[in-house]
Amino acid sequence: MIGQTSERGRRRRGRSAEAASAPSRDVNYRQLKNPFPLMEVFPADQIADMHETALRTLQELGVKCLLPEARRLFAKAGARVDEDTEMVFIGRDIVEAAVASAPKSIACHAGARHRDFTLELGSLVFQPGAGAPNATDLERGRRPATGQDYLEFLKLTHHFDVFQMISPQVEPQDVPTNLRHYFTTQAQMELTDKFPFFFSRGTPQVMDCFEMLSIARGLSDDEFQAGAHCYTIINTNSPRTLDIPMAQGLIDFARNGQMSIITPFTLMGAMAPITVAGAITLSHAEALAALTLTQLTKPGAPVCYGTFTSNVDMKSGAPAFGTPSHFQASLAAGQLARHLGLPWRSAAGSASNINDVQAANENQFGLWGCLMAGATVIIHSAGWLEGGLTVSFEKMICDAEVLNMVAELCAGAQAGKAEIGFDTALSEVKPSGHFFASSQTMERYNTEFYEPHLHDYANFGTWTERGSVDANHRATRVWKGIVNDFKAPPTDSDRIGALHEFIARRTAEGGAPPES
């Protein structure tokens with residue numbers, strides 16, 4: 001035993017220079033592939049029946065489409081349109097042609113080339129919680145979201161590589177609605193080089209955002225139109241209604257070659273049938289109707305199929321997330337997306353009111369439903385509380401830890417000679433010894449394992465000596481440190497100056513109200 005200890009000590013001292021120069025860990029969570037086996041909730045024949053029923057629903061029951069221009073596009077393609085009731089009855093041949101023209105792979109161009117990614121079946125992209133009117137953290141409490149909250153969430157989103165897309169985050173309610181899109185777009189152009197999000201709130205606002213992005217990124221009209229440089233999220237009004245701003249958004253983004261992520265928000269027992277199969281069939285029909293509108297506007301326009309289906313609490317009527325039904329709905333949506341061959345969007349999320357164990361359980365259960373379903377884009381993967389009414393700073397940090405670990409799994413494990421380590425580990429250590437100082441360990445100890453930004457692996461005594469700080473309060477320290485130390489990516493000063501001039505001019509002209 002003494003001899004072994006002495007030998008290990010000499011080995012450690014002999015490698016001190018090597019240890020000092022060991023490389024630091026470098027990760028890339030930007031272009032992920034889903035490594036998990038896909039899970040199915042329904043047999044293939046039932047999925048085919050759901051698809052056929054959705055087509056029948058569109059043709060026989062129709063969808064209510066409130067935008068006249070959208071109804072004209074449907075009518076021109078051969079759909080039966082009743083102008084008195086604003087109902088559109090879409091034949092299966094029209095839908096099938098639209099699905100055929102929708103791209104199966106979408107190249108998404110961010111502000112920097114290393115931020116680019118491709119949406120297709122098998123790829124994996126995460127977004128944090130989105131579109132909430134409120135923000136919350138342990139120090140400032142729950143409040144209507146402000147411009148400061150928006151900027152801070154944007155900095156957190158940029159900081160974590162595992163978020164490849166900027167989400168709507170929170171609504172900066174202290175910024176007037178006719179000017180809000182200037183504030184959020186300027187922030188995205190100056191504080192991040194990731195793939196940006198623009199709301200579809202009327203053609204004037206959308207065109208302003210397109211112009212601002214083109215100015216800041218130095219894109220000509222042709223370059224902008226030639227690829228997807230931004231995206232929007234389109235929600236249908238279930239059941240079977242496409243309202244004016246959403247239909248207009250589909251047209252505006254498709255016409256300009258930008259991506260729409262279609263998201264029927266169907267809650268079982270409320271805006272959708274109470275069964276998983278019925279709710280997903282309705283969601284599928286609505287998604288197909290919206291997708292068809294994009295392709296009638298511009299064949300080949302980038303569009304992402306999607307659904308967000310969960311159940312309600314039948315005692316209160318409140319939305320519930322991270323439930324078994326939510327999990328099953330994600331699996332069914334994945335089967336239908338693969339039936340079409342299209343990239344698709346799903347979502348995690350939580351109905352909990354605070355960042356507690358319920359919030360963690362719901363978000364992770366919903367997240368794994370998306371992963372096992374093969375979702376391409378997972379929205380609301382971090383920070384989302386109260387069924388979307390609030391985004392939490394601490395929860396965003398807690399959830400990002402889980403997403404980072406998922407991203408680690410995407411890289412896969414290796415089992416070559418270097419990893420097995422017969423010469424560098426197994427043969428170096430005698431029976432009853434340890435591998436702390438083996439050649440393999442010394443070479444890899446800085447790079448082999450995931451390094452948590454939140455989790456604390458100290459034993460109870462050490463944790464107690466450090467103040468017994470729980471994960472929620474550690475998360476406060478983490479997000480504040482990220483915000484305080486934030487450094488924006490480099491930008492072109494001339495382009496940013498031109499962006500400021502555009503915003504100043506449009507603001508002086510009165511901005512653009514959120515109207516179609």
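Quantities reported herein were computed from a predicted structural model and do not represent experimental measurements.
Salt bridge R506/E509: present, at least one basic N to carboxylate O contact under 4.0 Å. Using a 4.0 Å cut-off between charged side-chain N and carboxylate O, R255 and E69 make a salt bridge. Salt-bridge annotation for R56 and E52: absent, with no side-chain N of the basic residue lying under 4.0 Å from a carboxylate O of the acidic one. A salt bridge does not link E223 to R217: none of the charged side-chain nitrogens sits closer than 4.0 Å to a carboxylate oxygen. The existence of a salt bridge linking R495 and E190 is excluded, since no basic side-chain nitrogen approaches an acidic carboxylate oxygen closer than 4.0 Å. Between E386 and R142, at least one side-chain N (NZ, or NE/NH1/NH2) sits under 4.0 Å from a carboxylate O, which counts as a salt bridge.
Within 6.0 Å of CG in D174 there are more than 12 heavy atoms belonging to other residues, nucleotides or ligands.
Side chains of F327 and M39 form a contact here, defined as non-hydrogen atoms less than 4.5 Å apart. Within the 4.5 Å cutoff, the side chain of R345 has heavy atoms near those of the T263 side chain. Counting only heavy atoms from C-beta outward, the side chains of T323 and F365 never approach each other to under 4.5 Å. At a threshold of 4.5 Å between non-hydrogen side-chain atoms, the residues M259 and I261 count as touching. Annotation: side chain of R92 is not in contact with side chain of I94 (no heavy-atom distance under 4.5 Å). H181 places a side-chain heavy atom less than 4.5 Å from the side chain of M212. For the pair H284 and L340, the minimum side-chain heavy-atom distance is below 4.5 Å. Counting heavy atoms from C-beta on, the side chains of D399 and L367 never come closer than 4.5 Å.
Q127 and S167 are not linked by any side-chain donor-acceptor pair at a separation below 3.5 angstrom, with hydrogens and angles left out of the test. There is no side-chain donor-acceptor pair under 3.5 Å between Y29 and N404. In summary, the side chains of S352 and S350 do not present any donor paired with an acceptor at a separation below 3.5 Å, with no hydrogens or angles considered. S200 and T232 form a side-chain donor-acceptor contact under 3.5 Å, judged by distance and modelled atom types alone. In this model, a donor atom of one side chain and an acceptor atom of the other lie less than 3.5 Å apart for Q248 and D252.
The minimum heavy-atom distance linking P103 with L342 is given by the pair O-CD2, 3.8 Å.
Checked against the 6.0 Å centroid threshold, F153 and F393 count as a close aromatic pair. In this structure, F195 has its ring center no closer than 6.0 Å to that of F197.
For the side-chain contact (heavy atoms from CB on, under 4.5 Å) test with L288, the passing option among T57, V63, L55, L336 is L55; the others fail. The only option from H158, Q188, R113 that meets the side-chain contact (heavy atoms from CB on, under 4.5 Å) definition with D193 turns out to be H158.
Looking at K64, its side chain does come within 3.5 Å of a backbone N or O of T85 through a donor-acceptor pair. Not one N or O on the side chain of E152 forms a donor-acceptor pair closer than 3.5 Å with the backbone of Y150. Between the side chain of E362 and the backbone N or O of A348 there is no donor-acceptor pair closer than 3.5 Å. Q258 contributes a side-chain N or O that, together with a main-chain N or O of H229, makes up a donor-acceptor pair within less than 3.5 Å. The backbone N or O of N28 lies less than 3.5 Å from no partner atom in the side chain of D161, so there is not a single donor-acceptor pair.
Separating the CG atom in L179 from the CD atom in Q205 is a distance of 9.0 Å, to the nearest 0.5 Å. Considering CH2 of W384 and OG of S392, their distance stands at 14.0 Å, rounded to 0.5 Å. Here L242 contributes atom CG and I234 contributes atom CD1; the two are 8.0 Å apart, rounded to the nearest 0.5 Å.
When the ring-ring contact (aromatic ring centres under 6.0 Å, His included) test is applied to F36, the partners found at least two apart in sequence or on another chain are W368.
Residue pairs that meet the ring pair (Phe, Tyr, Trp, His ring centres under 6.0 Å) test with at least one member in residues 242-281, sequence neighbours left out, are F210-F253, F265-F308.
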